[in-house]
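In this text, all values refer to a predicted model and were calculated from it rather than measured experimentally.
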Amino acid sequence: QVQFVESGGGLVQPGGSLRLSCVASGSISSIYAMDWYRQAPGKQRELVADIGSLGTRNYADSVKGRFTISRDNAKNTMYLQINSLKPEDTAVYYCNTPSGRRLGNWGQGTQVTVSS
């Protein structure tokens, strides 16, 4: 079972940027799909970005054009660059895989707070 540790969150002003990191406990090279999720206060957890092993990327409409997902298989790490941040982006951000989500395996996440 691969586990993930998220980091890079923090308090940022509207319009600011952060780079979130997700370090896996093992190799991710054989994992086709890796995902970033977020859960805002009082809201359901939502999928915000997905990346395949060959670099194919998908984004939720709410973040398209502002967020960029990437992965470095050699470092067993996935990233989410989040730009032009809005207060609505405030949430705990999690990384996972489809199988991990099905199993209910979630890390602690990293808190992103967008506020002036």
Side-chain angles (χ1 to χ4, degrees):
Q1 176 178 289
V2 176
Q3 296 180 322
F4 303 97
V5 177
E6 301 93 341
S7 64
L11 176 63
V12 63
Q13 294 183 343
S17 300
L18 291 169
R19 189 178 77 156
L20 311 182
S21 297
C22 169
V23 179
S25 63
S27 175
I28 64 170
S29 61
S30 63
I31 301 175
Y32 176 74
M34 295 188 67
D35 307 315
W36 281 98
Y37 298 81
R38 69 184 182 187
Q39 187 167 26
K43 304 294 179 61
Q44 294 184 341
R45 183 152 38 204
E46 64 174 334
L47 177 66
V48 298
D50 170 269
I51 185 167
S53 61
L54 297 180
T56 301
R57 300 168 182 177
N58 298 286
Y59 300 94
D61 288 343
S62 60
V63 308
K64 194 172 299 181
R66 300 188 297 119
F67 291 11
T68 303
I69 188 172
S70 62
R71 62 192 288 175
D72 186 338
N73 289 346
K75 296 181 179 179
N76 295 331
T77 302
M78 181 174 63
Y79 304 96
L80 186 69
Q81 180 71 41
I82 56 177
N83 299 329
S84 302
L85 289 167
K86 307 173 182 179
E88 306 91 89
D89 296 318
T90 295
V92 178
Y93 285 72
Y94 303 88
C95 60
N96 216 330
T97 66
S99 60
R101 178 175 60 82
R102 290 193 297 270
L103 292 170
N105 295 330
W106 297 95
Q108 294 187 77
T110 185
Q111 175 73 51
V112 172
T113 302
V114 185
S115 176
S116 59

Participant: For Asn76 and Phe4, what are the C-alpha separation, side-chain angles and deciding distance, and is it a side chain to side chain contact (heavy atoms under 4.5 Å, CB included)?
Facilitator: CA-CA 10 Å; Asn76 295 331; Phe4 303 97; over 6 Å; no
Participant: May I ask you to test the Leu47-Arg101 pair for a side-chain heavy-atom distance under 4.5 Å?
Facilitator: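 No. Closest side-chain heavy atoms not under 4.5 Å.
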Participant: Identify, with sequence neighbours excluded, every residue that meets side chain to side chain contact (heavy atoms under 4.5 Å, CB included) alongside Ser99.
Facilitator: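 By the side chain to side chain contact (heavy atoms under 4.5 Å, CB included) rule, Ser99 matches Thr97, Arg102.
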Participant: Can you give me the closest heavy-atom contact between Arg38 and Ser62, atom names plus distance?
Facilitator: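 Scanning both residues completely, I find the closest heavy atoms to be NH2-OG, 3.5 Å.
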Participant: Going through the distances and angles, do Arg57 and Thr68 end up as a side chain to side chain contact (heavy atoms under 4.5 Å, CB included)?
Facilitator: CA-CA 8 Å; Arg57 300 168 182 177; Thr68 303; 3.5 Å; yes
Participant: Between Asp35 and Pro98, is any pair of side-chain heavy atoms under 4.5 Å apart?
Facilitator: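 Counting from C-beta outward, Asp35 and Pro98 do come under 4.5 Å.
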Participant: Going from OG on Ser17 to CZ on Arg66, what distance comes out if it is rounded to the nearest 0.5 angstrom?
Facilitator: 10.0 Å
Participant: Among residues at least two apart in sequence or on other chains, which ones pass side chain to side chain contact (heavy atoms under 4.5 Å, CB included) with Gln39?
Facilitator: Arg45, Tyr94
Participant: As an exercise, state the distance from CG of Leu20 to CD of Gln81, rounded to the nearest 0.5 Å.
Facilitator: 8.5 Å
Participant: Check whether more than 12 heavy atoms from other residues, nucleotides or ligands sit under 6.0 Å from atom CD of Gln108, and answer yes or no.
Facilitator: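 12 or below, so no.
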Participant: In chain order, what residues pass the side chain to side chain contact (heavy atoms under 4.5 Å, CB included) check against Thr56, with sequence neighbours excluded?
Facilitator: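 With neighbours one apart ignored, the set is Asn58.
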Participant: Do Asn96 side-chain atoms and Asn105 backbone N/O form a donor-acceptor pair below 3.5 Å?
Facilitator: yes
Participant: At what distance, to the nearest 0.5 angstrom, does CD1 of Ile51 lie from CE of Met78?
Facilitator: 8.0 Å
Participant: For the residue pair Tyr37 and Trp106, is the inter-centroid distance of their aromatic rings smaller than 6.0 Å?
Facilitator: yes
Participant: Below 3.5 Å, can you tabulate the donor-acceptor pairs from side chains in residues 109-116 to any protein atom, sequence neighbours excluded?
Facilitator:
residue, atom, partner, partner atom, Å
Thr110, OG1, Gly9, N, 2.9
Gln111, NE2, Ala91, O, 3.4
Gln111, NE2, Thr113, OG1, 3.3

Participant: side-chain hydrogen bond (donor to acceptor under 3.5 Å, both in side chains): which pairs involve residues 21-31, sequence neighbours left out?
Facilitator: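 Residue pairs with at least one partner in residues 21-31: Ser27-Ser29.
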Participant: Answer yes if Leu85 and Tyr59 sit in the same cluster of Ile, Leu, Val, Met, Phe, Trp and Tyr residues linked by side chain heavy atoms under 4.5 Å apart, and no otherwise.
Facilitator: yes
Participant: Do you reckon Val92 sits in the same ILVMFWY cluster as Val48, going by side-chain contacts under 4.5 Å, direct or chained?
Facilitator: no
Participant: Are Val2 and Tyr79 connected in the hydrophobic side-chain network, where two residues link if heavy atoms are under 4.5 Å apart?
Facilitator: no
Participant: Any chance you could measure Met34, atom CE, to Cys22, atom SG, to the nearest 0.5 Å?
Facilitator: 4.5 Å
Participant: Roughly how far, to the nearest 0.5 Å, is CG of Leu18 from CG of Leu80?
Facilitator: 10.0 Å
Participant: Counting C-beta onward and ignoring hydrogens, is there a side-chain heavy-atom pair between Glu6 and Trp36 closer than 4.5 Å?
Facilitator: yes
Participant: Salt bridge between Asp89 and Lys86, side-chain N to carboxylate O under 4.0 Å?
Facilitator: no
Participant: Just grab all the salt bridge (Lys or Arg N to Asp or Glu O under 4.0 Å) pairs involving residues 19-28, residues at least two apart or on different chains.
Facilitator: none
